[in-house]
Amino acid sequence: MHALSIRSIAPSKANHRWVSISVCVFLAALTWIVFGQTLGHDFVNYDDPRYVYENTKITSGLSIAGIGWAFTHIHSENWHPLTTISHMLDCQLYGLRAGGHHFTNVLLHTISVVLLFLALRQMTGALWRSAFVATLFAIHPLHVESVAWVAERKDVLSGVFFMLTLLAYVHHVRAPSIRRYLTVALAFTAGLMSKPMLVTLPFVLLLLDYWPLSRIRTQKSGVGGQENVCKLILEKIPLVMLSAISSTATYLAQRYAIGGAEELPISSRATNALVTYVAYIWQMLWPVKLAVFYPHPENRLPVWEIILALAALIAISAAAFAVRKKRRYVITGWLWYLGMLVPVIGLVQVGWQGRADRYTYLPQIGLYIMGTWTVADWSASWRHQREILGASAAIIIGVLSWRGWIQTTFWRDSETLFTHTLAVTSNNDVAENNLGIVLLRKGKLDEAISMLQAAVNLRPENAPAHDNLAKAFLQKGQVADAMIHYRKLLEIQPENVEAHNILGTVLIQHGRIREAIEQWQETLTIQPDNGNAKSNLAWVFATSPEGSFRDGVRAVQLAEQALRLSGGKNPIIFRTLAAAYAESGRFPEAIETAKRGVELANSQGNSGLAAELQSNIALYQAGRPLRDPNLTTGNLSPNSE
């Protein structure tokens, strides 16, 4: 009899194992069907430049020094060293081939999807419900932004560690030990170092203690239940401390990026948060008109919309509380959603977006759980429940996969992305600015200026739009207009060293040497190791025809520093240093430095500069310093980038 029982049970376990494996394969395949197209997509010009392809710390690839930098420096107003290292690793493996970077994003998302299924399966024992929740997570159009956007690596990477934390926690709960708890803490720490939004994960674990892990006991007297809850809360204290450390680091990193917090009153931020909670639910049910950027409504939200949002949140919360004893999963899923969104709901405003699809990546899992388990229990008495739910699930999965695939196509390049964004949103200065950049790079100056001017008109404090508009005017030769926008940019961002450098160049091209010097000196006040400013100042101090501007000693000092900062790889700086030596009467050094510049210029195929340096050598051999007549006629010799 005993042997018979073993034989009858074993096939069942094996069958369940193969079903689970089949589900994992299905989830992975479906994820790649929707997102595999991104391997042929390009980078986009929104955040991807500073996160990846214009960041030399990242493009240099993986190294010990780079890893050290990732842990000790802020990257794009965030401290997320594991995300930074993952970008470095991609550059090491794929260079700047965008397809490789997209491959990593899709792979990480796929791992998260499978791990979510396994975690829910272990926690609840419900195979098909867990599979459906994981499928929604895999393909929902709201998640396209997190997967198809290289700069959102932090979402998919933190998602992997989020799921690993859940799995580690389940193992700890079933057989508690210090080692298993440390595994939970380690996975959680890695998640925080990928994206600090995971600070609310200890709260999610406490919800899971209530359902489905059933660790929170209740007694009629309430005493035993209270002691049990206190014990579980104390268990989370080390994790909460990790959250507090991450929150502090994030606040310090973002203190200069907090946009609108001073301008937007708390009432505007709070009302937008209420409406956003409901907007995300609506977008989950009806995922259309999704955009990479939604402008903040500020104080323009209709009162009726705020009242309806508040009423909806109160009603759902009351219903979840009312059924908490019979359907614990409802309040767990609802509080999961509400709680995980708190760091990004906009009460502390970072940037100018009103909401963002990427913020729903992990929070909406709570709603998926809540809805899936509710429908399954509600339909339990139906005669053909399995067939009806199976057909409904297939339709939902098919529609969401199709919508997710369509949404992913909009991310193939910057022009497609921001053209779509302008089509589905209004008053979107960020989209107009980024589309203006595309037009500018295509040489469509009039169209670019029109688009960028529209962005500035919508929001006069849009610094990037002023920057790009100034560059467009420069390319068109409208220098006076360009200077207006550079000065406006510096009013908004007085510490923008690039703007100071470019404005200095523009000023000197028009003979306003003293003002140009002031701009470059301001650059060095802000960023003492700025090689461009040092090189430009050294050139003016060494070669100006006007004696009042010349200072040979200072020119040598600045040029030597610029050469050191360049690593000796820029022949233009050798030309500057040679001129500085000549101005100081150090002609042998000037000749030797100019010769090194000739060799470097020739090795780089810059024959024009090599010829110019040869003529300079003849001048120095005659004991005469170099004078740049362009400094008085209005054209700066090509010394700056």
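Computed over heavy atoms, backbone and side chain alike; hydrogens, waters and symmetry mates excluded. Predicted, not measured: the structure shown is a model, and the values here were computed from it.
With hydrogens and angles disregarded, a donor-acceptor distance shorter than 3.5 Å links the side chain of Thr248 to the backbone of Ala244. In terms of modelled atom types and a separation under 3.5 Å, the side chain of Lys534 and the main chain of Pro528 share a donor-acceptor contact. Using a distance-only test at 3.5 Å, with no hydrogens or angles considered, a donor-acceptor pair links the side chain of Thr409 to the main chain of Ile406. For Gln407 (side chain) and Val144 (main-chain N/O), no donor-acceptor pair under 3.5 Å exists by modelled atom type. When atom types are taken as modelled, the side chain of Tyr53 and the backbone of Ile58 share no donor-acceptor pair closer than 3.5 angstrom. With hydrogens and angles disregarded, a donor-acceptor distance shorter than 3.5 Å links the side chain of His500 to the backbone of Pro494. Without hydrogens or angle criteria, Ser414 side chain to Asn45 main chain gives a donor-acceptor distance under 3.5 Å. In this structure a side-chain-to-backbone donor-acceptor pair under 3.5 Å is present from Gln364 to Tyr280. With hydrogens and angles ignored, the 3.5 Å screen pairs no side-chain donor or acceptor of Ser535 with any backbone N or O of Gly531.
Closest non-hydrogen pair, Asn105 versus Ser146, comes out as ND2-O, 3.8 Å. Considering every non-hydrogen atom in both Ala291 and Asp357, the closest pair reads O-OD2, 3.6 Å. A pairwise comparison of heavy atoms in Val456 and Ala465 identifies CG2-CB, 3.8 Å as the closest pair. Annotation for Leu469 and Gln453: closest pair CD2-OE1, 3.4 Å, computed over non-hydrogen atoms. Summarising the geometry of Leu338 relative to Tyr277, their closest heavy-atom pair is O-OH, 2.8 Å, with the distance given to 0.1 Å. Of all heavy-atom pairs between Thr83 and Ser194, the closest is OG1-O, 2.6 Å.
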Taking it one step at a time, do Phe418 and Val438 satisfy side-chain contact (heavy atoms from CB on, under 4.5 Å)? CA-CA 9 Å; Phe418 289 105; Val438 173; 5.7 Å; no
Please lay out, stage by stage, how Thr408 and His41 fare under the test side-chain contact (heavy atoms from CB on, under 4.5 Å). CA-CA 10 Å; Thr408 305; His41 289 187; 4.1 Å; yes
After noting the C-alpha distance and the side-chain angles of Ile139 and Trp405, does the key distance pass the side-chain contact (heavy atoms from CB on, under 4.5 Å) rule? CA-CA 8 Å; Ile139 60 169; Trp405 193 89; over 6 Å; no
Thr200 vs Ser243, test: side-chain contact (heavy atoms from CB on, under 4.5 Å). Steps then yes/no. CA-CA 7 Å; Thr200 55; Ser243 291; over 6 Å; no
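Counting only heavy atoms from C-beta outward, the side chains of Ser63 and Trp69 never approach each other to under 4.5 Å. Contact check for Phe162 versus Leu116: no side-chain heavy atoms found under the 4.5 Å cut-off. With contacts defined as side-chain heavy-atom distances shorter than 4.5 Å, the pair Leu400/Pro287 qualifies. Between Asn536 and Gln519, the closest side-chain pair of non-hydrogen atoms is not below 4.5 Å. Using a 4.5 Å cut-off on side-chain heavy atoms (C-beta onward), Thr276 and Ile345 make contact. You'll find the side chain of Lys195 stays beyond 4.5 Å of the side chain of Leu362, heavy atoms only. Counting heavy atoms from C-beta on, the side chains of Trp520 and Asn532 never come closer than 4.5 Å. Residues Glu298 and Trp352 meet the side-chain proximity criterion, which asks for heavy atoms closer than 4.5 Å.
If you check the side chains of Gln353 and Tyr359, you find a donor sitting under 3.5 Å from an acceptor. With 3.5 Å as the limit, one finds a donor-acceptor pair spanning the side chains of Trp32 and Thr110. Side-chain polar atoms of Thr523 and Asn530 form no donor-acceptor pair below 3.5 angstrom. Judged by distance alone, the side chains of Asn428 and Glu432 never bring a donor and an acceptor atom under 3.5 Å apart.
In this structure Asn433 satisfies the side chain to side chain donor-acceptor pair (under 3.5 Å) test together with Asn468, sequence neighbours excluded. Partners of Glu415 under the side chain to side chain donor-acceptor pair (under 3.5 Å) rule, at least two apart in sequence or in another chain, are Lys442. Ser86 is linked by a side chain to side chain donor-acceptor pair (under 3.5 Å) to Arg153, counting only residues two or more places apart in sequence or in another chain.
Ring-plane geometry between His143 and His140 is classed as tilted, the angle between the planes lying from 30 to 60 degrees on a 0 to 90 degree scale. Between Phe293 and Tyr46, the angle of the ring planes goes over 60°, which puts this pair in the perpendicular group of the 30/60° scheme. Between His485 and Phe473, the two ring planes are parallel [angle under 30°; tilted spans 30° to 60°]. Using cut-offs of 30° and 60° on the angle between ring planes, the pair His101 and Phe43 is perpendicular. Ring orientation note: the planes of His80 and Tyr51 are tilted relative to one another, at an angle of 30° to 60°.
In this structure, Met340 CE and Trp336 CH2 are separated by 7.5 Å, a value rounded to the nearest 0.5 Å. Rounding to the nearest 0.5 Å gives a distance of 11.5 Å between CD of Glu522 and CG of Asn496. To the nearest 0.5 Å, atoms NZ (Lys488) and NE2 (His466) are separated by 5.5 Å. To the nearest 0.5 angstrom, Asn434 atom CG is 10.0 Å from Asp429 atom CG. Atoms CD and NZ, on Gln283 and Lys289 in that order, are 11.5 Å from each other to the nearest 0.5 Å. One distance of note links CG of Leu435 with CG of Leu417; it measures 10.0 Å at 0.5 Å rounding.
Around CD1 of Ile266, the count of heavy atoms belonging to other residues, nucleotides or ligands within 6.0 Å exceeds 12. Counting non-hydrogen atoms of neighbouring residues, nucleotides and ligands closer than 6.0 angstrom, the CD atom of Gln521 exceeds 12 such neighbours.
Centroid-to-centroid, the aromatic rings of Trp79 and Tyr251 stay 6.0 Å apart or farther. The distance between the ring centers of Tyr361 and His109 falls below 6.0 angstrom.
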